[in-house]
Participant: 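A single structure is presented below for examination.
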Amino acid sequence: MNTVNVVLSGGVGSRLWPLSRKSCPKQYLPIFEGKTLFQKTVERNQELCDSLVVVGNQANFELSRNDLNTLSMTGYGEIIEACPRNTAAAIAFAALSVQPDDILFVSPSDHLISGTEAYSKAVKRAIALAKEGNIVTFGLKPSRPETGFGYIESDGENVIGFREKPNLDTAEKFLRSGNFLWNSGMFCFQAKVFLQELDKYAPKVLECSKAVMENKKDGFLDEALSLEIPSVSVDYAVMEKTDRIKVVPSMFEWSDMGSFESVFDYMSLQGVPTDENGNMVIGSDLHTEFVGLKNTILIQTKDAILVLKKDNAQDVKKVYEKLEKDKPELVN
């Protein structure tokens with residue numbers, strides 16, 4: 001029984017435009033102490049797992065290979081999706097590629113995590129629960145009323161329910177109650193247990209995923225067969241329905257780096273300066289003055305400038321979606 005780190009690397013990081021583009025999503029930006037989030041994910045899990053499987057896509061698999069080559073990593077598994085079919089299918093591909101008894105530790109490639117001892121403790125506990133036949137998720141103790149994350153209502157390791165991204169009032173109630181955790185998007189289970197639950201609750205996802213995996217060539221998946229897979233998240237397909245769910249309440253520091261608010265906090269810790277009103281410049285050495293503005297971030301790349309209030313960081317996705325239609329060259 002091996003423990004396999006399944007790294008999901010398919011996201012585009014639209015909320016970090018213009019830094020993150022389709023040609024170089026946020027998980028491949030080397031701005032985290034000189035490394036990428038993808039590299040940090042692989043390194044973080046190397047001592048806790050026996051092997052590695054990367055689930056990526058045709059747009060980014062070479063970026064993954066380059067990052068792994070820089071780390072001198074060889075002998076890993078690779079699944080290259082033809083088109084995005086969401087996380088239920090991505091994890092099914094990985095589960096179908098290993099031995100039934102293997103433990104899968106599923107981790108997104110674009111999260112920033114610190115607190116090595118607490119992290120190791122949480123992962124080892126999840127692996128132990130997975131060996132008992134549980135479907136395990138990781139819940140993080142919330143530090144603020146965050147509206148950009150889903151939540152898990154829990155009683156110890158027992159899951160009471162999953163909650164969608166709340167509005168601010170609801171998020172504040174969650175924080176006060178003390179029994180709500182941020183849903184980290186990290187999971188742990190035996191391959192066969194996940195496939196059993198997927199067959200029970202989303203059988204078409206499993207059926208079509210099997211067909212795709214049976215016809216893969218050198219790790220590349222067939223597009224026509226892939227398009228037949230229902231595009232559904234693993235939370236909706238399995239996690240919110242299974243009665244085998246457990247949560248590991250975790251104390252390590254975690255960020256999904258899902259917005260410039262997260263990047264601002266990270267850059268501040270790394271010594272990137274702000275002015276007396278909390279304004280920051282990212283990506284430019286030009287002298288910049290902010291007049292009449294507070295908590296504002298200016299991000300500059302070779303072909304775009306973004307100026308935003310930190311509190312509106314989640315709205316960058318709307319800019320990305322508009323440019324995708326009107327000026328696709330700016331998101332590619």
Side-chain angles (χ1 to χ4, degrees), residues 11-21 24-37 40 108 110-115 140-151 163-176 180-185 252-324 330-331:
V12 297
S14 57
R15 290 181 179 88
L16 292 191
W17 182 89
L19 293 182
S20 182
R21 308 290 181 102
C24 188
K26 66 174 178 176
Q27 60 267 32
Y28 302 107
L29 297 171
I31 60 174
F32 301 92
E33 299 156 283
K35 292 184 178 178
T36 69
L37 291 173
K40 291 174 84 71
D110 56 359
H111 292 181
L112 187 66
I113 290 172
S114 57
L140 282 300
K141 186 175 175 60
S143 58
R144 62 184 184 276
E146 174 62 56
T147 59
F149 302 153
Y151 285 73
R163 301 296 183 91
E164 298 294 328
K165 296 174 183 178
N167 60 30
L168 184 59
D169 287 345
T170 304
E172 288 172 344
K173 290 176 184 174
F174 287 174
L175 198 64
R176 287 194 298 271
F180 284 84
L181 304 166
W182 286 339
N183 186 354
S184 70
F252 53 85
E253 292 182 31
W254 169 89
S255 170
D256 73 342
M257 280 293 146
S259 71
F260 275 111
E261 186 173 18
S262 303
V263 173
F264 179 97
D265 293 342
Y266 173 79
M267 294 292 189
S268 296
L269 291 173
Q270 297 304 308
V272 175
T274 57
D275 67 13
E276 66 273 16
N277 291 313
N279 300 309
M280 177 184 286
V281 176
I282 297 173
S284 174
D285 295 325
L286 290 174
H287 180 80
T288 304
E289 294 286 349
F290 295 85
V291 179
L293 297 171
K294 293 183 178 181
N295 300 319
T296 298
I297 312 172
L298 185 151
I299 303 100
Q300 181 174 345
T301 65
K302 65 184 180 188
D303 60 352
I305 294 173
L306 174 70
V307 182
L308 76 151
K309 300 281 285 185
K310 192 167 69 164
D311 291 346
N312 295 104
Q314 294 292 334
D315 294 335
V316 177
K317 184 175 183 179
K318 297 174 185 175
V319 175
Y320 181 96
E321 290 170 346
K322 179 176 181 294
L323 290 172
E324 200 170 21
L330 286 176
V331 301

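Predicted model only: the values in this text are computed from it and were never measured.
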Participant: Can you name the residues that form a side-chain hydrogen bond (donor to acceptor under 3.5 Å, both in side chains) with Asn183, not counting sequence neighbours?
Facilitator: Asp235

Participant: With sequence neighbours excluded, what pairs up with Thr274 under the side-chain hydrogen bond (donor to acceptor under 3.5 Å, both in side chains) test?
Facilitator: none

Participant: Looking at residues at least two apart in the chain, or sitting in another chain, which of them share a salt bridge (Lys or Arg N to Asp or Glu O under 4.0 Å) with Glu321?
Facilitator: none

Participant: Side chain of Gln27, backbone of Gly11: donor and acceptor closer than 3.5 Å?
Facilitator: yes

Participant: What closest approach, in Å, do Leu19 and Leu29 show between heavy atoms, and which atom pair accounts for it?
Facilitator: O-CD2, 3.5 Å

Participant: Taking ring-ring contact (aromatic ring centres under 6.0 Å, His included) as the definition, give me every residue that meets it alongside Phe174, ordered by chain and number, with sequence neighbours left out.
Facilitator: Tyr151, Phe180

Participant: When you look at NZ of Lys309, are more than 12 heavy atoms from neighbouring residues, nucleotides or ligands closer to it than 6.0 Å?
Facilitator: yes

Participant: For side-chain contact (heavy atoms from CB on, under 4.5 Å), just list the numbers for Ile297 and Lys310, CA-CA rounded to whole Å, side-chain angles, deciding distance to a tenth of an Å, and then say yes or no.
Facilitator: CA-CA 6 Å; Ile297 312 172; Lys310 192 167 69 164; 4.3 Å; yes

Participant: Can you list the steps and then say if Asn277 with Phe290 is a side-chain contact (heavy atoms from CB on, under 4.5 Å)?
Facilitator: CA-CA 9 Å; Asn277 291 313; Phe290 295 85; over 6 Å; no

Participant: What distance separates Thr301 OG1 from Ile282 CD1, expressed to the nearest 0.5 Å?
Facilitator: 12.0 Å

Participant: Rounded to the nearest 0.5 Å, what separation is found between the CG atom of Leu175 and the OG1 atom of Thr170?
Facilitator: 12.5 Å

Participant: Under the rule for salt bridge (Lys or Arg N to Asp or Glu O under 4.0 Å), what residues qualify as partners of Arg176, not counting sequence neighbours?
Facilitator: none

Participant: Are the side chains of Pro145 and Leu168 in touch, meaning some heavy atoms are under 4.5 Å apart?
Facilitator: yes

Participant: Got a sec, which residues hit ring-ring contact (aromatic ring centres under 6.0 Å, His included) with Phe149, two or more places apart in sequence or on another chain?
Facilitator: Trp182, Trp254

Participant: Is Ser20 reaching over with its side chain to a backbone N or O of Val12, donor-acceptor style, under 3.5 angstrom?
Facilitator: yes

Participant: Treating Trp17 as the side-chain partner and Leu306 as the backbone partner, does any N or O pair qualify as donor plus acceptor under 3.5 Å?
Facilitator: no

Participant: Measuring from Asn295:CG to Met280:CE, what's the distance to the nearest 0.5 Å?
Facilitator: 10.5 Å

Participant: If you compare all heavy atoms of Pro108 against all heavy atoms of His111, which two are closest, and at what distance to 0.1 Å?
Facilitator: CG-CE1, 3.5 Å

Participant: Carefully, step by step, assess Thr147 and Asn167 under the rule side-chain contact (heavy atoms from CB on, under 4.5 Å).
Facilitator: CA-CA 6 Å; Thr147 59; Asn167 60 30; 5.7 Å; no

Participant: Can you tell me if Asn279 uses its side chain to pair, donor with acceptor, with the backbone of Leu293 under 3.5 Å?
Facilitator: yes

Participant: For residues Ile113 and Phe252, report the shortest heavy-atom separation together with the two atoms involved.
Facilitator: CG2-CD1, 3.7 Å

Participant: State which residues pass salt bridge (Lys or Arg N to Asp or Glu O under 4.0 Å) with Asp256; sequence neighbours excluded, sorted by chain then number.
Facilitator: none

Participant: Could you pull out all donor-acceptor pairs under 3.5 Å where a side-chain atom in residues 311-320 meets a protein atom, sequence neighbours excluded?
Facilitator:
| from | atom 1 | to | atom 2 | distance (Å) |
| --- | --- | --- | --- | --- |
| Asn312 | ND2 | Asp315 | OD2 | 3.4 |
| Gln314 | OE1 | Arg15 | NE | 2.7 |

Participant: Determine which pairs satisfy side chain to side chain donor-acceptor pair (under 3.5 Å) with at least one residue from residues 281-292, sequence neighbours left out, and list them in order.
Facilitator: Ser284-Gln300, His287-Glu289

Participant: Quick one: salt bridge (Lys or Arg N to Asp or Glu O under 4.0 Å) partners of Lys322, sequence neighbours excluded?
Facilitator: Asp326

Participant: For Glu172, does the CD atom have more than 12 heavy-atom neighbours from other residues, nucleotides or ligands under 6.0 Å away?
Facilitator: yes

Participant: Sequence neighbours left out, cut at 3.5 Å: what donor-acceptor pairs do the side chains of residues 257-273 make with other protein atoms?
Facilitator:
| from | atom 1 | to | atom 2 | distance (Å) |
| --- | --- | --- | --- | --- |
| Ser259 | OG | Glu261 | N | 3.3 |
| Tyr266 | OH | Glu33 | N | 3.1 |
| Ser268 | OG | Phe264 | O | 2.9 |

Participant: Which pairs pass salt bridge (Lys or Arg N to Asp or Glu O under 4.0 Å) with one or both residues in residues 291-303, sequence neighbours excluded?
Facilitator: Arg21-Asp303

